[in-house]
Q: 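Mind looking over this structure? Questions follow.
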Amino acid sequence: MEECKMRVGSLSEQVLNSLSKMLDNPTCGWRQLANAVSEQPKFRCSESELTSCSLQVLSAAGSPGRTLLARLADRSCSMDFLLLCLRKIDHQEAVQYITTVVVAELIQITVQPQTQQATVGGRVVMTCRASGPSGLSYQWFRGKEEIWDETGSTPELVLCPSAPGHQGPYICRVHYGGNFVFSQWAHVRFVQAAGASPGCSSTLFPGSVSGLHVIRQPQSKAVSEGDTLFLECNAEANPPAQYEWHHNMVPMTQQKTRSLKIPCVTTAHRGQYKCKMFNLYHEAWSDTATVTIDSQEVHRFRPGKYPLQQTVNPPPSARHFYATDKVALLIGNMNYLYHTQLCAPIVDVHELTNLLRQMDFKVVSLLDLNWQEMHSAVTEFLLLLDKGVYGLLYFAGHGYENFGNSFMVPIDAPASYTSEHCLCVQNILTRMQEKETGLNVLLLDMCRKRNLNDDVIVQPGLLKVTANIVFGYATCVDAEAYEVKREDVSNGIFISFLKRRVCEDEKVTVMLDRVAEDMGRCEITRGRQALELRSNLSERRSLTDQIQVSDCSASHSARNLQWVIAHVLPQSRCLQFDCGVKVQLGFAAEFSNIMVIYTRILEKPEEIVSCCAQLTDFPGDVDIDLKKSNQDTLLEAGSLLLIKENLPSPEVPSLYTRIRCLQRLRRELTFTICLQYTYSNMDEDVQERQPVTVGKPLVSKLNLYEPRPPRACSASSSSSLDSFNDPECSSFASVGSASNEWSYHAQTGRESSSIDSLTSSRRANIPEETDSPELFDAPQPLVASKSLPHGQVNDTNYKFSDMYNFHSH
């Protein structure tokens, strides 16, 4: 079987129930299977998960085997691996069942043959494709007769040249061994060719009272993105002809006249166009018109000149768009004080962060911000914007929409919150426009229900006509956005589909349109949640556009420094204790405001039989779950997203402590390393303690807890560099004296060129782990650069209990 396609999650409920009954026995059942699959770490069940399976017997409808299969499906277990494990435990009944009955169900038609109209002497291609075990065979039939030509046993049946004898119904049989499925019926019908070559009449029944004669054919053309596409065809007919336009063989249900007019075309409109002309007695098709869309900038014209005097063939550089930089702020609010707790934002922000970094975005990712912290984070985000910069804001959490304005809810919002307690997205957009950005993308993964507690109509500032705004709403007006809750990790519906498309080299609006189409095809979201796109983007700008900094190297260097300062981790260090034990202290970033500290024993004298280094005495500003501190694994420490294998020397045993809410740290981070060890000739433990100060890591340097002046930095983009050093505008002014990293740059006197080199590569854009002694000379790769293997959400993953865990933001 093809492992990438054959998953346990693709099995039907009936098959799963049958397998569950076979596994619900004590001698050769689900426990033995759980032990067999544990050879792969991602399928290993914890003790609590095994206990949960066992407790299913207490329920009348419960099944331990069914619960185990559901867990394997959620973790994308392949059928190949399941069969291998069943053979290991010698479960002959289940193996026989899967290799016979199940295989038949796994053959699924993915592309059905379609009814086609053809002309004599033309070419007809019927396509049928299926997924399932490797080595599928195809058989084509016309009616009850098998087709024996060379394409009759392939996925594509080709009839060329087509003849009247080819007319009729067709069906394809897909089989594997003794198991098979049939496709749907498709018909081939012959029609008279309109405007055909000699030998194929372009008139039907010439000279008769009734007939249909094509007198105008649509012409192929190339148009620029944003222009109006105009195609025309015409026919003389009695009775009068009706018209139906087709785009790439798909009917355009709204185009029923002889003229096709599409204003403001995009790349989605390119392709082949044909027009079907018909009346009560006759039918004809026009020639195919091929439309190409050029992504070129519309040139401005001066008043008094003819407005259509534009460059017909612009230089190649005019057809491509560049960003002077790309900056993103991602906020995920989960742990609300007075509202429903959410699960998905942590994974959604993490996955989107990694995808945006692949496209060279400078990303600030923050979790669980109160009102002041959100306000300060947005202010600092705006400092990173400038002329031509692509700015992206993503928010996942609770939200609402009143009178056309969208509001993001911070974690400290009261039970009956109003706009006074929230952040208005339209106000943020107004301030983004003041920076003359090249692209403004706002992705709001939140509910848009009306807030009955808020009757105030907020009046945002007037928006400029910039034609560079894209709003991607996870759901429609007055509707809710959902997440699917699971025991380990959760994904929001919006990000589940967005992450598959966001890196496509397409205009942002085209990419989001495809996301909306994907969501519309998902059974679990249909009727509940639908993406809404609002945009006035007139140029073909994509999130994958390259960064071109030649014209603004000074401001680009300043932004790099601004961003890097907020993402510096403490340097790894080694501590020597009096007993002779040497301890390594390392740091890794999970988000811009969440850090993991790990301790390792590097050396110990032979007379010491056991020792461990634990962290304690943290300041009250930061949030630490003491029950999960100093744990043997990242998962036990509460970190679902960091990957141990990406840390330096993952084979060395370590203790992990996860620190949250670094944005609330008001002074340097200080804690104590408590070394506990035992000598070979002693029974009692001995303790040594060393205090450690590591400065203000990551985003804590920005002092987001401090209020910002309301509009201190809302000047034009030309003053952005001045505001960078202005205490009235930015918290960075206070960083210079409090941060060793800031003074490091100042004292070494590195010029802007060296700062550029710091962040010119994707590695330097993500300084997320500092096990290197020279932080700026050898930036380390992103630690959290891998998504969880079972974090990818698709339709099949929703098959089990997820429908009952469908929660709105």
Side-chain angles (χ1 to χ4, degrees), residues 326-336 341-359 361-370 373-374 377-378 380-381 391-399 408-411 423 425 428 441-447 472-474 481-486 488-503 515 543 563 566-567 588-596 623 638-643 658-663 698-699 704 765-766 768 782-788 790-793 807 809:
K326 295 194 281 190
V327 182
L329 172 63
L330 278 57
I331 300 176
N333 284 346
M334 304 166 52
N335 298 304
Y336 283 85
Q341 306 285 297
L342 302 176
C343 296
I346 182 173
V347 178
D348 292 346
V349 170
H350 166 72
E351 293 190 333
L352 187 57
T353 294
N354 290 327
L355 292 169
L356 291 174
R357 279 176 172 156
Q358 292 175 27
M359 296 181 283
F361 272 84
K362 294 179 176 67
V363 182
V364 180
S365 57
L366 301 168
L367 294 186
D368 291 332
L369 303 186
N370 59 33
E373 292 160 358
M374 287 182 68
V378 169
E380 295 294 337
F381 167 65
L392 185 146
L393 173 65
Y394 170 78
F395 174 74
H398 287 304
M408 304 181 294
V409 180
I411 63 169
L423 271 72
V425 176
I428 298 173
V441 179
L442 298 101
L443 304 176
L444 302 179
D445 197 354
M446 64 185 197
C447 291
Y473 295 96
Y482 291 92
E483 63 180 18
V484 179
K485 290 192 175 181
R486 300 182 178 183
D488 41 16
V489 296
S490 302
N491 255 130
I493 296 295
F494 178 43
I495 291 296
S496 301
F497 292 93
L498 178 66
K499 66 186 181 183
R500 307 174 189 175
R501 299 281 191 182
V502 70
C503 292
V515 175
L543 297 181
W563 181 85
H567 286 79
E590 189 173 326
F591 293 92
S592 299
N593 63 339
I594 297 180
M595 179 174 70
V596 172
D623 186 5
S639 177
L640 298 173
L641 305 175
L642 284 178
I643 307 298
R658 185 170 182 257
I659 304 177
R660 299 170 295 188
C661 300
L662 287 172
Q663 75 276 8
L698 299 177
V699 80
L704 296 184
N765 194 23
I766 45 177
E768 295 277 354
L782 174 68
V783 171
S785 63
K786 290 184 181 178
S787 301
L788 292 173
H790 49 285
Q792 298 178 351
V793 177
H807 296 260
H809 288 185

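Hydrogens, waters and symmetry mates play no part in the numbers below; they use all other heavy atoms, side chains included.
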Q: How long is the gap from CG on L355 to NE2 on H350, to the nearest 0.5 Å?
A: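 Rounded to the nearest 0.5 Å, the CG-NE2 separation comes to 9.5 Å.
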Q: Side chains of V363 and N354: does their closest heavy-atom pair fall under 4.5 Å?
A: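 No, side chains not in contact.
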Q: State whether the side chain of N370 and the backbone N or O of I411 hold a donor-acceptor pair below 3.5 Å, judged by distance alone.
A: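 Not at all, since once roles are kept as given, no pair shorter than 3.5 Å links the two residues.
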Q: Tell me, with the steps shown, if N491 and E351 meet side-chain contact (heavy atoms from CB on, under 4.5 Å).
A: CA-CA 10 Å; N491 255 130; E351 293 190 333; 3.5 Å; yes
Q: Where do A474 and A481 come nearest, in terms of heavy atoms and distance?
A: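 Heavy atoms only, the tightest pair is CB-CB, 4.2 Å.
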Q: Check whether any side-chain N or O of Q341 sits under 3.5 Å from a backbone N or O of Y336 as a donor-acceptor pair, and report yes or no.
A: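 Yes.
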Q: So, S592 and H567: side-chain donor and acceptor under 3.5 Å apart, yes or no?
A: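 Side chains of S592 and H567: pair found under 3.5 Å.
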Q: Return the CG to CD1 distance between D445 and I493, rounded to the nearest 0.5 Å.
A: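 The distance works out to 9.5 Å.
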Q: L367 and E590: side-chain contact (heavy atoms from CB on, under 4.5 Å), yes or no, with the steps?
A: CA-CA 10 Å; L367 294 186; E590 189 173 326; 5.9 Å; no
Q: Ignoring hydrogens, what is the shortest heavy-atom contact between V349 and S365? Give both atom names and the distance.
A: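 Shortest heavy-atom separation between V349 and S365 comes out as CG1-CB, 3.7 Å.
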Q: Show your reasoning for whether side-chain contact (heavy atoms from CB on, under 4.5 Å) applies to F591 and L330.
A: CA-CA 10 Å; F591 293 92; L330 278 57; over 6 Å; no
Q: Less than 4.5 Å apart, any side-chain heavy atom of Y394 and any of D348?
A: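 When only atoms from C-beta onward are counted, D348 and Y394 do touch, with a gap below 4.5 Å.
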Q: Using side-chain hydrogen bond (donor to acceptor under 3.5 Å, both in side chains) as the criterion, list what pairs up with N333, not counting sequence neighbours.
A: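 For N333, no residue satisfies side-chain hydrogen bond (donor to acceptor under 3.5 Å, both in side chains) once neighbours in sequence are set aside.
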Q: Grab the two heavy atoms, one from C503 and one from Q358, that are nearest each other, plus how far apart they are.
A: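 Scanning both residues completely, I find the closest heavy atoms to be SG-OE1, 4.3 Å.
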Q: Counting only N and O atoms by type, is there a donor-acceptor contact under 3.5 Å from the side chain of N593 to the main-chain atoms of Q663?
A: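 The answer is no, because no donor-acceptor pair under 3.5 Å joins these two groups.
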Q: Please identify each residue that fulfils salt bridge (charged side-chain N to carboxylate O under 4.0 Å, His left out) with R660, with sequence neighbours left out.
A: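 Salt bridge (charged side-chain N to carboxylate O under 4.0 Å, His left out) list for R660, sorted by chain: D623.
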Q: Atom CD1 in I594, atom CG in L698: separation rounded to 0.5 Å?
A: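 It is 10.0 Å, given to the nearest 0.5 Å.
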Q: So which heavy atom on I428 is nearest to which on M408, and how close?
A: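 The pair with the smallest heavy-atom distance is CD1-CE, 3.6 Å.
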Q: Are L498 and L443 side-chain neighbours, meaning at least one heavy-atom pair lies under 4.5 Å?
A: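 Yes. Closest side-chain heavy atoms under 4.5 Å.
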Q: List for me each residue that meets side-chain hydrogen bond (donor to acceptor under 3.5 Å, both in side chains) alongside Y473, sequence neighbours excluded, and say none if there are none.
A: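 Checked Y473 against side-chain hydrogen bond (donor to acceptor under 3.5 Å, both in side chains); zero matches.
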Q: Hey, is the main chain of A344 close enough, under 3.5 Å, to the side chain of E483 for a donor-acceptor pair?
A: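 Yes: the side chain of E483 pairs with the backbone of A344.
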Q: Which atom pair, heavy atoms only, marks the closest approach of M446 to F395?
A: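 Result for this residue pair: SD-CD2, 3.8 Å.
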Q: Taking ring-ring contact (aromatic ring centres under 6.0 Å, His included) as the test, write out the residues that go with F381, two or more places apart.
A: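 Once residues adjacent in sequence are excluded, F381 has no partner under the ring-ring contact (aromatic ring centres under 6.0 Å, His included) criterion.
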Q: Look at the side chain of K326 and the backbone N and O of M359, then say whether any donor-acceptor pair between them is shorter than 3.5 Å.
A: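 Such a contact is found between K326 side chain and M359 backbone.
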